[in-house]
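Notes to accompany the following structure.
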Amino acid sequence: MITAAEIKFIKSLKDKSARYEAGFFIVEGEKMVKELLLSGCSIHKILGVEQWVAELDTSEFKHQIPVTPITEKELSRISLLKHPNKV
């Protein structure tokens, strides 16, 4: 479950100035997220649909990363893509 405040914050990251100020950026799509996970970069949180979260194998990653399952509707609300993927 994702809160309204989190949705608002994620939507604010569409603007370059907000990303710069917060020090965060968004990565979308299964392939891009898996590449980011393998890169060893610092990840704040992963939001994905329940099916994707259930299939995710976290044993191959160096750090414990909080993974939050969300609904397709919530994903479409926060996504910057016209047709959101699973994560």
Name all residues meeting the side-chain hydrogen bond (donor to acceptor under 3.5 Å, both in side chains) criterion together with K86; count only those two or more places apart in sequence or in a different chain, and write none if there are none.
none
So, do [X] and [Y] sit near enough that their side-chain heavy atoms are less than 4.5 Å apart?
X   : Y   : answer
L13 : F25 : no
I10 : L47 : yes
L80 : E28 : yes
T68 : K45 : yes
I70 : V53 : no
W52 : L75 : no

Output yes when a side-chain donor or acceptor of S76 lies under 3.5 Å from a complementary backbone atom of K73, and no otherwise.
yes
Side chain of E35, backbone of M32: donor and acceptor closer than 3.5 Å?
no
Keeping to residues at least two apart or across chains, list the side-chain hydrogen bond (donor to acceptor under 3.5 Å, both in side chains) pairs with something in residues 15-26.
none
Can you tell me how far the [atom1] atom of [X] sits from the [atom2] atom of [Y], to the nearest 0.5 Å?
X   : Y   : atom1 : atom2 : result
F9  : I2  : CZ    : CD1   : 11.0 Å
I46 : L37 : CD1   : CG    : 4.0 Å
E72 : Q51 : CD    : CD    : 8.5 Å
I78 : I7  : CD1   : CD1   : 7.0 Å
E55 : E50 : CD    : CD    : 12.0 Å
E74 : S79 : CD    : OG    : 13.0 Å

Given L56, which partner from the list V67, V33, V87 fulfils the side chain to side chain contact (heavy atoms under 4.5 Å, CB included) test?
V67
Counting only heavy atoms not in K14 (residues, nucleotides, ligands), do more than 12 fall under 6.0 Å from its NZ?
yes
